[in-house]
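The structure appears right after this line, and notes come after that.
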Amino acid sequence: MSTERRRKQYPSDVTDEEWAFLAPYLTLIRPDAPQRTHDLRDIFDALRWLVRTGAQWRYLPGDYPPWAAVYQQTRRWLEAGCFEALVHDIRTVLRKAAGREALPTAMILDSRTLRSTPESGARAGYDGYKRTNGSKLHLAVDTLGHLLALLITAADEQDRAQVGTLIAAAQEVTGQNLELASADQGYTGEKAAAAAQEQGVQLAIVRLPEAKHGWALLPKRWVIERSFAWLARFRRLGRDCERLAEMLAGLHLVAFGMLMLHRLVALQAPSS
(Lines give C-alpha, C1' and ligand atoms only; values in the text may rest on other atoms or scores of the structure.)
Protein backbone atom coordinates (compact mmCIF):
# COMPACT_ATOMS: atom_id res chain seq x y z
CA MET A 1 0.00 0.00 0.00
CA SER A 2 1.39 3.38 -0.95
CA THR A 3 1.78 5.93 1.84
CA GLU A 4 2.03 8.87 -0.57
CA ARG A 5 -0.72 11.42 -0.06
CA ARG A 6 -2.75 12.76 -2.96
CA ARG A 7 -1.53 16.08 -4.30
CA LYS A 8 -5.00 17.55 -4.75
CA GLN A 9 -6.86 18.30 -1.54
CA TYR A 10 -10.55 19.03 -0.92
CA PRO A 11 -12.18 21.14 1.82
CA SER A 12 -13.89 18.01 3.15
CA ASP A 13 -10.62 16.10 3.66
CA VAL A 14 -9.89 14.95 7.18
CA THR A 15 -7.23 16.93 9.06
CA ASP A 16 -4.19 15.31 10.66
CA GLU A 17 -5.68 15.92 14.12
CA GLU A 18 -8.97 14.30 13.13
CA TRP A 19 -7.27 11.34 11.49
CA ALA A 20 -5.14 10.69 14.57
CA PHE A 21 -8.38 10.20 16.50
CA LEU A 22 -10.21 8.31 13.73
CA ALA A 23 -7.60 5.82 12.59
CA PRO A 24 -7.95 3.36 15.51
CA TYR A 25 -11.71 3.12 14.89
CA LEU A 26 -11.42 2.55 11.14
CA THR A 27 -8.41 0.25 10.89
CA LEU A 28 -10.04 -3.18 10.70
CA ILE A 29 -6.91 -4.90 9.39
CA ARG A 30 -3.21 -4.03 9.48
CA PRO A 31 -2.30 -1.02 7.31
CA ASP A 32 0.29 -3.12 5.48
CA ALA A 33 -2.02 -6.08 4.87
CA PRO A 34 -1.40 -7.49 1.36
CA GLN A 35 -5.09 -7.32 0.38
CA ARG A 36 -5.21 -3.56 0.94
CA THR A 37 -4.58 -1.67 -2.29
CA HIS A 38 -5.88 1.82 -1.34
CA ASP A 39 -4.88 4.19 1.42
CA LEU A 40 -7.48 4.05 4.20
CA ARG A 41 -7.38 7.78 4.77
CA ASP A 42 -8.06 8.41 1.07
CA ILE A 43 -11.08 6.14 1.26
CA PHE A 44 -12.45 7.96 4.28
CA ASP A 45 -11.82 11.32 2.62
CA ALA A 46 -13.81 10.10 -0.38
CA LEU A 47 -16.68 9.09 1.90
CA ARG A 48 -16.64 12.50 3.62
CA TRP A 49 -16.63 14.24 0.23
CA LEU A 50 -19.62 12.26 -0.96
CA VAL A 51 -21.70 12.83 2.19
CA ARG A 52 -20.89 16.53 2.25
CA THR A 53 -21.38 17.34 -1.44
CA GLY A 54 -24.27 14.99 -2.24
CA ALA A 55 -22.70 13.45 -5.34
CA GLN A 56 -23.39 9.93 -6.56
CA TRP A 57 -21.03 7.08 -5.67
CA ARG A 58 -19.96 6.64 -9.29
CA TYR A 59 -19.20 10.35 -9.61
CA LEU A 60 -16.37 10.42 -7.07
CA PRO A 61 -13.42 12.47 -8.44
CA GLY A 62 -10.75 10.43 -10.17
CA ASP A 63 -8.03 11.24 -7.63
CA TYR A 64 -9.94 9.35 -4.95
CA PRO A 65 -9.91 5.54 -4.89
CA PRO A 66 -12.47 3.85 -7.17
CA TRP A 67 -16.06 4.30 -6.03
CA ALA A 68 -16.57 0.55 -5.62
CA ALA A 69 -13.66 0.33 -3.18
CA VAL A 70 -15.03 3.28 -1.19
CA TYR A 71 -18.53 1.79 -1.11
CA GLN A 72 -17.33 -1.66 -0.07
CA GLN A 73 -15.09 -0.29 2.67
CA THR A 74 -17.95 1.88 3.94
CA ARG A 75 -20.14 -1.23 4.18
CA ARG A 76 -17.39 -2.98 6.19
CA TRP A 77 -17.11 -0.04 8.57
CA LEU A 78 -20.86 0.08 9.08
CA GLU A 79 -21.21 -3.66 9.61
CA ALA A 80 -18.37 -3.57 12.15
CA GLY A 81 -20.08 -0.77 14.12
CA CYS A 82 -17.10 1.59 13.72
CA PHE A 83 -19.13 4.77 13.55
CA GLU A 84 -21.42 3.81 16.43
CA ALA A 85 -18.32 3.34 18.61
CA LEU A 86 -16.86 6.62 17.38
CA VAL A 87 -20.03 8.61 18.11
CA HIS A 88 -20.41 7.00 21.54
CA ASP A 89 -16.87 7.82 22.65
CA ILE A 90 -16.91 11.39 21.32
CA ARG A 91 -20.30 12.01 22.94
CA THR A 92 -18.85 10.91 26.27
CA VAL A 93 -15.87 13.26 25.96
CA LEU A 94 -17.99 16.22 24.84
CA ARG A 95 -20.45 15.72 27.69
CA LYS A 96 -17.67 15.66 30.26
CA ALA A 97 -16.14 18.77 28.70
CA ALA A 98 -19.51 20.50 29.08
CA GLY A 99 -19.65 19.57 32.76
CA ARG A 100 -22.26 16.82 32.28
CA GLU A 101 -22.30 13.21 33.38
CA ALA A 102 -20.83 10.84 30.79
CA LEU A 103 -24.14 9.00 30.39
CA PRO A 104 -27.29 11.08 29.85
CA THR A 105 -30.53 10.57 31.75
CA ALA A 106 -32.69 12.60 29.34
CA MET A 107 -33.23 12.45 25.59
CA ILE A 108 -35.27 14.15 22.87
CA LEU A 109 -37.13 12.36 20.06
CA ASP A 110 -38.24 13.59 16.66
CA SER A 111 -38.34 12.62 13.00
CA ARG A 112 -37.89 14.14 9.56
CA THR A 113 -39.11 12.94 6.17
CA LEU A 114 -36.67 12.56 3.29
CA ARG A 115 -38.10 12.71 -0.22
CA SER A 116 -37.52 9.54 -2.21
CA THR A 117 -35.49 9.22 -5.42
CA PRO A 118 -35.58 6.55 -8.16
CA GLU A 119 -32.92 4.62 -6.24
CA SER A 120 -34.93 4.44 -3.02
CA GLY A 121 -38.47 4.55 -4.38
CA ALA A 122 -39.25 0.86 -3.96
CA ARG A 123 -39.31 1.16 -0.15
CA ALA A 124 -40.81 4.66 0.10
CA GLY A 125 -44.05 5.51 1.89
CA TYR A 126 -46.33 8.53 1.72
CA ASP A 127 -46.25 11.02 4.60
CA GLY A 128 -49.71 12.59 4.47
CA TYR A 129 -48.80 15.38 6.91
CA LYS A 130 -45.73 16.47 4.93
CA ARG A 131 -47.31 15.45 1.60
CA THR A 132 -44.07 13.74 0.72
CA ASN A 133 -43.26 10.30 -0.63
CA GLY A 134 -40.06 8.94 0.88
CA SER A 135 -38.36 7.64 4.00
CA LYS A 136 -38.48 8.85 7.57
CA LEU A 137 -35.49 9.37 9.86
CA HIS A 138 -36.36 8.85 13.52
CA LEU A 139 -33.76 10.46 15.78
CA ALA A 140 -32.89 10.40 19.47
CA VAL A 141 -30.35 12.87 20.87
CA ASP A 142 -29.16 13.87 24.32
CA THR A 143 -29.85 17.34 25.74
CA LEU A 144 -26.72 18.68 24.00
CA GLY A 145 -27.93 17.47 20.61
CA HIS A 146 -25.50 14.56 20.31
CA LEU A 147 -26.72 11.39 18.61
CA LEU A 148 -27.96 8.51 20.75
CA ALA A 149 -29.88 6.40 18.24
CA LEU A 150 -31.54 6.59 14.84
CA LEU A 151 -33.98 4.51 12.84
CA ILE A 152 -35.09 4.52 9.19
CA THR A 153 -38.64 3.60 8.18
CA ALA A 154 -40.98 4.31 5.29
CA ALA A 155 -42.48 7.79 5.56
CA ASP A 156 -45.98 6.45 6.23
CA GLU A 157 -44.90 4.92 9.56
CA GLN A 158 -46.23 6.80 12.59
CA ASP A 159 -43.72 8.45 14.92
CA ARG A 160 -45.41 7.08 18.03
CA ALA A 161 -45.09 3.52 16.71
CA GLN A 162 -41.27 3.78 16.76
CA VAL A 163 -40.94 4.96 20.37
CA GLY A 164 -40.19 1.56 21.87
CA THR A 165 -37.58 0.59 19.28
CA LEU A 166 -35.87 3.99 19.32
CA ILE A 167 -35.70 4.24 23.11
CA ALA A 168 -34.49 0.65 23.40
CA ALA A 169 -31.59 1.45 21.07
CA ALA A 170 -30.78 4.59 23.06
CA GLN A 171 -30.91 2.67 26.33
CA GLU A 172 -28.48 0.11 24.93
CA VAL A 173 -25.80 2.72 24.22
CA THR A 174 -26.31 4.46 27.57
CA GLY A 175 -26.34 1.39 29.78
CA GLN A 176 -30.08 1.71 30.60
CA ASN A 177 -29.38 5.14 32.12
CA LEU A 178 -32.15 7.12 30.43
CA GLU A 179 -35.16 8.21 32.48
CA LEU A 180 -36.91 10.93 30.48
CA ALA A 181 -37.75 11.45 26.79
CA SER A 182 -39.16 14.72 25.45
CA ALA A 183 -41.12 14.76 22.20
CA ASP A 184 -43.66 16.78 20.27
CA GLN A 185 -47.40 16.16 19.97
CA GLY A 186 -46.87 13.60 17.23
CA TYR A 187 -45.86 11.16 19.98
CA THR A 188 -49.05 11.60 22.00
CA GLY A 189 -50.90 8.43 22.95
CA GLU A 190 -51.16 5.69 25.51
CA LYS A 191 -49.31 3.15 23.39
CA ALA A 192 -46.32 5.44 22.92
CA ALA A 193 -46.21 6.24 26.65
CA ALA A 194 -46.49 2.55 27.51
CA ALA A 195 -43.72 1.62 25.06
CA ALA A 196 -41.46 4.20 26.69
CA GLN A 197 -42.38 3.00 30.16
CA GLU A 198 -41.44 -0.56 29.22
CA GLN A 199 -37.93 0.77 28.62
CA GLY A 200 -37.88 2.55 31.98
CA VAL A 201 -38.41 5.99 30.42
CA GLN A 202 -41.09 8.61 31.03
CA LEU A 203 -42.38 10.19 27.82
CA ALA A 204 -42.99 13.94 28.21
CA ILE A 205 -44.93 15.70 25.45
CA VAL A 206 -43.85 19.29 24.80
CA ARG A 207 -46.94 21.08 23.51
CA LEU A 208 -47.36 24.28 21.56
CA PRO A 209 -48.70 27.25 23.53
CA GLU A 210 -52.43 27.73 22.99
CA ALA A 211 -51.95 31.39 22.09
CA LYS A 212 -49.21 30.66 19.57
CA HIS A 213 -48.90 33.07 16.63
CA GLY A 214 -46.31 31.98 14.05
CA TRP A 215 -43.11 30.18 15.04
CA ALA A 216 -42.47 29.38 18.71
CA LEU A 217 -39.33 28.18 20.50
CA LEU A 218 -40.26 25.10 22.51
CA PRO A 219 -38.35 23.98 25.61
CA LYS A 220 -36.07 20.96 24.94
CA ARG A 221 -37.49 20.53 21.43
CA TRP A 222 -35.20 23.19 19.93
CA VAL A 223 -32.18 20.97 20.68
CA ILE A 224 -33.15 18.25 18.23
CA GLU A 225 -34.24 20.85 15.67
CA ARG A 226 -30.68 22.17 15.86
CA SER A 227 -29.38 18.63 15.29
CA PHE A 228 -31.50 18.40 12.13
CA ALA A 229 -30.07 21.76 11.06
CA TRP A 230 -26.55 20.37 11.53
CA LEU A 231 -27.44 17.48 9.22
CA ALA A 232 -28.64 19.94 6.57
CA ARG A 233 -24.98 20.78 5.90
CA PHE A 234 -24.60 17.34 4.31
CA ARG A 235 -26.25 17.38 0.91
CA ARG A 236 -26.25 13.61 0.53
CA LEU A 237 -28.74 13.51 3.41
CA GLY A 238 -31.13 16.03 1.88
CA ARG A 239 -33.00 13.22 0.10
CA ASP A 240 -33.09 9.46 0.32
CA CYS A 241 -30.63 8.55 -2.43
CA GLU A 242 -29.73 5.06 -1.17
CA ARG A 243 -31.01 1.72 -2.35
CA LEU A 244 -30.50 0.25 1.13
CA ALA A 245 -32.06 1.68 4.29
CA GLU A 246 -29.02 0.57 6.29
CA MET A 247 -26.75 2.68 4.08
CA LEU A 248 -28.98 5.73 4.59
CA ALA A 249 -28.78 5.19 8.35
CA GLY A 250 -25.04 4.65 8.10
CA LEU A 251 -24.41 7.91 6.24
CA HIS A 252 -26.27 9.75 9.00
CA LEU A 253 -23.91 8.10 11.49
CA VAL A 254 -20.95 9.27 9.40
CA ALA A 255 -22.31 12.83 9.35
CA PHE A 256 -22.81 12.91 13.12
CA GLY A 257 -19.34 11.48 13.59
CA MET A 258 -17.86 14.24 11.41
CA LEU A 259 -19.77 16.96 13.26
CA MET A 260 -18.88 15.70 16.71
CA LEU A 261 -15.24 15.04 15.80
CA HIS A 262 -14.92 18.60 14.50
CA ARG A 263 -16.22 19.91 17.82
CA LEU A 264 -13.84 17.67 19.74
CA VAL A 265 -10.77 18.80 17.78
CA ALA A 266 -11.79 22.45 18.14
CA LEU A 267 -12.22 21.92 21.86
CA GLN A 268 -8.73 20.47 22.19
CA ALA A 269 -7.06 23.16 20.05
CA PRO A 270 -4.93 25.58 22.11
CA SER A 271 -6.56 28.97 22.53
CA SER A 272 -4.79 31.89 20.93
Do [X] and [Y] come close enough that some side-chain heavy atom pair is under 4.5 Å?
| X | Y | result |
| --- | --- | --- |
| Leu259 | Phe234 | yes |
| Leu50 | Tyr59 | no |
| Ile167 | Leu109 | yes |
| Arg100 | Thr143 | yes |
| Leu22 | Leu86 | yes |
| Gln56 | Trp67 | no |
| Val173 | Arg91 | yes |
| His38 | Pro66 | yes |

Among Thr53, Asp63, Asp45, the one residue meeting side chain to side chain donor-acceptor pair (under 3.5 Å) with Tyr10
Asp63
Looking at Gln162, Gln158, His138, which one forms a side chain to side chain donor-acceptor pair (under 3.5 Å) with Thr153?
His138
Quick check: is [Y] connected to [X] through a chain of hydrophobic side chains (ILVMFWY, heavy atoms under 4.5 Å apart)?
| X | Y | value |
| --- | --- | --- |
| Val223 | Ile90 | yes |
| Leu148 | Val87 | no |
| Ile205 | Trp222 | no |
| Leu150 | Met107 | no |
| Leu103 | Leu147 | no |

Spell out, as yes or no, whether a donor-acceptor pair under 3.5 Å connects the side chain of [X] to the backbone of [Y].
| X | Y | answer |
| --- | --- | --- |
| Lys136 | Glu157 | yes |
| Trp77 | Leu26 | yes |
| Ser120 | Ser116 | no |
| Gln171 | Gln199 | yes |

Step-by-step side-chain contact (heavy atoms from CB on, under 4.5 Å) determination, Leu137 to Ile152
CA-CA 5 Å; Leu137 168 70; Ile152 301 293; 3.7 Å; yes
Please say whether more than 12 non-hydrogen atoms of neighbouring residues, nucleotides or ligands are located less than 6.0 Å from [atom1] in [X].
| X | atom1 | value |
| --- | --- | --- |
| Glu172 | CD | no |
| Arg95 | CZ | yes |
| Lys130 | NZ | yes |

For Gln73 and Arg76, does a side-chain donor sit closer than 3.5 Å to a side-chain acceptor?
yes
For residues 226-236, which residue pairs qualify under side-chain hydrogen bond (donor to acceptor under 3.5 Å, both in side chains), counting only residues two or more places apart or in two chains?
Arg236-Glu242
Which residue pairs pass the side-chain hydrogen bond (donor to acceptor under 3.5 Å, both in side chains) test when at least one of the two sits in residues 246-268, sequence neighbours left out?
His146-Arg263
Could you tell me which non-hydrogen atom of [X] sits nearest to which non-hydrogen atom of [Y], and how far apart they are?
| X | Y | result |
| --- | --- | --- |
| Leu178 | Pro104 | CD2-O, 3.6 Å |
| Glu17 | Val265 | CB-CG1, 3.9 Å |
| Arg75 | Leu244 | NH1-CD1, 3.3 Å |
| Leu47 | Trp57 | CD1-CH2, 4.0 Å |
| Leu60 | Ala46 | CD2-O, 3.6 Å |
| Leu139 | Leu166 | O-CD2, 3.7 Å |

Can you pull out every salt bridge (charged side-chain N to carboxylate O under 4.0 Å, His left out) where at least one residue sits in residues 109-123? Sequence neighbours excluded, please.
Asp110-Arg221, Arg123-Asp240
Quick one: [atom1] on [X] to [atom2] on [Y], what's the gap to the nearest 0.5 Å?
| X | Y | atom1 | atom2 | value |
| --- | --- | --- | --- | --- |
| Leu253 | Glu84 | CG | CD | 5.0 Å |
| Ile224 | Phe228 | CD1 | CZ | 4.5 Å |
| Ile108 | Leu180 | CD1 | CG | 9.0 Å |
| Tyr187 | Ser182 | OH | OG | 11.5 Å |
| Leu248 | Leu237 | CG | CG | 7.0 Å |
| Glu18 | Leu261 | CD | CG | 4.5 Å |

Strictly below 4.0 Å, N to O, side chains only: are Asp13 and Arg52 in salt-bridge contact?
no
Hey, what's the ring geometry for Phe83 with Phe44, parallel, tilted or perpendicular (30° and 60° as the breaks)?
parallel
Qualifying residue for side-chain contact (heavy atoms from CB on, under 4.5 Å) with Leu94, from Asp142, Leu144, Leu267:
Leu267
